[in-house]
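Labels below follow one simple rule: chain letters A, B, ... track the order of the sequence lines, proteins then strands, and each chain is numbered from 1.
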There are 2 protein chains.
Amino acid sequence: MDLREFRVFLAIAERGSLSGAARRLRVSQPAVSQTVAALEQQVGVELLERSSTGVRLTEAGVVLAGEARAVLARYEQALSAVGRFALSADTRLRVGVPLELPPGLLPSAFAALAGSHPRTRTEVRHLTSAAQLDALRDGDLELGLLRSHPMDSDFDAMLVVEEPLGVLLSASDQRSDSAGVRLEKLAGLDWLAFARADSPPWFDEVNAVLRSHGVDPGPAVPPGQFLIAEVKFAAVSSGQAFAFAPRDWSQPLPAGVLWTPLVGSPLIRRTWATWPADSRRRDLAALIAHLDPLDPPAA
Amino acid sequence: MDLREFRVFLAIAERGSLSGAARRLRVSQPAVSQTVAALEQQVGVELLERSSTGVRLTEAGVVLAGEARAVLARYEQALSAVGRFALSADTRLRVGVPLELPPGLLPSAFAALAGSHPRTRTEVRHLTSAAQLDALRDGDLELGLLRSHPMDSDFDAMLVVEEPLGVLLSASDQRSDSAGVRLEKLAGLDWLAFARADSPPWFDEVNAVLRSHGVDPGPAVPPGQFLIAEVKFAAVSSGQAFAFAPRDWSQPLPAGVLWTPLVGSPLIRRTWATWPADSRRRDLAALIAHLDPLDPPAA
DNA sequence: GGGGGCCGATAAGGAGGGCTTATGGCGGAC
DNA sequence: GTCCGCCATAAGCCCTCCTTATCGGCCCCC
């Protein structure tokens with residue numbers, strides 16, 4: 001008697017497999033299996049032809065998929081119909097973001113949000129992970145993008161991005177080969193770091209990896225102070241230092257600085273969307289859905 | 001995220017009160033209160049103006065009520081769209097009924113069922129309560145109308161009718177006054193009974209009530225043997241016996257026989273719709289819904 | 001004007017649906 | 001032949017939603 005079954009069934013129909021639908025819906029495969037079985041029993045018809053390679057919709061399944069889409073669309077319409085009565089105090093959506101987010105991530109999510117919730121105005125605030133957590137707790141932020149899982153039951157979190165980090169090195173550096181550079185080869189260079197207080201768990205992870213590969217972290221950086229790109233580039237091109245960076249760097253590298261992958265990808269920078277667990281805002285939920293890497297808006 | 005909230009909200013809208021909706025939905029009043037509160041939080045708008053006399057829809061509530069009706073209608077349409085693929089083996093619905101059901105109950109429910117499930121063919125079988133239970137257990141019946149609650153977790157049951165019984169007495173009988181007849185005045189007459197085995201709990205209840213009022217039950221009747229109305233009438237008009245009967249007797253009484261209410265309504269004959277708890281048949285569910293005295297099809 | 005009755009809100013406890021992990025059978029790919 | 005990915009099933013747990021119990025507010029009626 002509910003729309004959950006329709007959503008699951010549509011995920012199956014679009015992915016062509018129960019396992020795929022389970023991944024997309026972020027639930028386990030048996031949950032999907034049980035749900036669609038219950039749906040089939042309710043309507044009294046087989047909806048799927050199972051095989052060991054996946055599933056195909058039966059004739060009845062094709063019909064129901066169309067119907068289910070219509071029902072869900074009508075449901076969304078119903079909710080948005082009363083949305084215009086909603087208090088306007090809620091239409092500001094404040095999002096905290098760290099430096100160096102994959103280009104395109106926020107613009108596409110915001111664009112999708114503008115379509116479904118045209119009255120929501122998004123505000124972006126560049127903040128460190130620690131500052132975002134504080135702001136979320138104080139109600140000064142509706143959504144954060146953190147460099148570590150909040151580890152706090154007051155918050156829900158979803159992994160949004162995983163970026164294997166490479167390093168920025170001087171173009172004249174000889175440490176790398178065609179496969180990239182080995183982390184231990186970086187011993188002797190300074191790491192262009194950030195302050196531990198800005199994101200302790202992530203800082204500690206990087207430090208632990210560096211130490212285990214015999215690399216000493218460079219000089220400490222005061223909290224809240226970031227090295228702007230030009231400063232990093234200057235230090236790197238001098239051959240004295242290196243910096244970590246994802247492959248998809250948002251700006252062009254100057255001559256004299258090269259990005260090189262790390263052999264074995266020992267460092268993966270993760271970004272978690274984080275929001276108060278008790279939030280019921282629908283525009284927030286929609287934005288989160290659009291950030292979901294397993295539920296691409298393109299689908 | 002589901003239709004349950006819509007159903008609850010519509011029940012509120014139609015009844016104009018949370019308590020009324022709760023009765024109609026057969027849940028407690030706090031359940032309704034919580035559900036609609038959750039719905040309001042989701043849409044971010046007050047849907048109801050509460051008062052101590054009931055509730056009224058707000059402007060947003062009126063809009064949502066219309067939308068919710070549309071969504072539910074679309075949902076029903078989706079389920080019935082695949083219904084035509086359902087196996088045809090399921091289209092026979094066998095219903096067991098006792099003697100002396102309120103006139104109109106089954107015809108109106110069957111008519112409503114024919115509208116929503118035109119492919120379902122209903123079959124009525126006159127059976128005693130005990131025989132119906134056996135048939136339900138054997139899969140020979142989809143629905144029973146019993147004179148007692150099945151008291152068995154294999155079955156679900158819903159109270160369908162409550163009939164305060166009066167008595168059929170000879171027109172020349174002097175025992176009654178304007179308020180009716182007192183049960184203890186019937187001592188000395190024979191009760192035109194039915195066999196205990198046909199419906200033990202109900203038989204025992206009647207017997208206990210009779211005995212506590214000093215009335216001796218009359219001669220036993222063999223199981224499965226019912227006295228046809230004409231025989232009852234003959235025995236009653238002779239002045240030797242009485243029979244219990246509801247006010248809404250299905251056939252006209254002959255001259256010489258009068259129906260008289262019992263002072264204090266010491267006997268209330270209840271009829272329970274009873275079906276296998278594991279049944280998922282949608283046509284059965286629809287028929288049960290149409291039998292629901294708290295959810296009149298007229299609404 | 002005070003008490004009873006009905007309204008809806010809230011708190012606290014319990015049952016069940018839906019999730020999880022663990023495991024098994026099956027078929028295709030290498 | 002072995003391995004891997006598919007889906008189904010089993011058993012256990014958690015969270016949602018229900019329950020009962022209780023409260024404050026308002027109306028009505030005496």
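Side-chain contact check for B:Val95 versus B:Leu287: some heavy-atom pair is nearer than 4.5 Å. Counting only heavy atoms from C-beta outward, the side chains of B:Glu163 and B:Ile268 never approach each other to under 4.5 Å.
Nearest to the side chain of A:Pro30, among D:dC6, C:dC7, C:dT21, sits C:dT21. Checking C:dC7, D:dT19, D:dC7 against every side-chain atom of B:Arg23, the shortest atom distance belongs to C:dC7. Set against C:dT20, D:dC17, C:dA9, the side chain of B:Gln29 has C:dA9 as its closest nucleotide.
Phosphate proximity of D:dC18 to B:Arg4: present, with a side-chain N or O under 4.0 Å from OP1 or OP2. Using a 4.0 Å cut-off, no side-chain N or O of B:Ser19 falls inside it from OP1 or OP2 of C:dC6.
A salt bridge between A:Glu40 and A:Arg50 is present, with a side-chain N of the basic residue lying under 4.0 Å from a carboxylate O of the acidic one.
Nucleotide D:dG24 holds its C1' atom 16 Å from the CZ atom of B:Arg50, rounded to whole Å. Nucleotide D:dC26 holds its C1' atom 16 Å from the CD atom of B:Glu49, rounded to whole Å. Look at CD1 on A:Ile12: it is 13 Å from P on D:dC6, rounded to the nearest Å. If you take CG of B:Leu25 and P of D:dC18, they are 9 Å apart, rounded to a whole angstrom. Rounded to an integer number of Å, the gap from CG of A:Leu18 to C1' of C:dG25 is 15 Å. Between A:Asp2 atom CG and D:dC17 atom P the separation is 10 Å, expressed in whole Å. Taking atom CG on A:Leu3 and atom C1' on C:dG18, their separation rounds to 16 Å, with Å as the unit.
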Expected rows: protein N/O vs nucleotides 27-30 of chain C N/O, under 3.5 Å:
unit_1: C:dG27; atom_1: O4'; unit_2: A:Ser52; atom_2: OG; d: 2.9

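Between the side chain of A:Ser129 and the backbone N or O of A:Arg147, at least one donor-acceptor pair lies under 3.5 Å.
Heavy-atom nearest nucleotides on DNA chain C were determined for B:Val36 and for A:Val27, and the one closer to the 5' end corresponds to B:Val36.
With no hydrogens or angles considered, no side-chain donor-acceptor pair links A:Arg56 and A:Ser51 at under 3.5 Å.
Taking the six-membered ring where the residue is Trp, A:Tyr75 and B:Phe6 present tilted rings, their angle falling between 30° and 60°.
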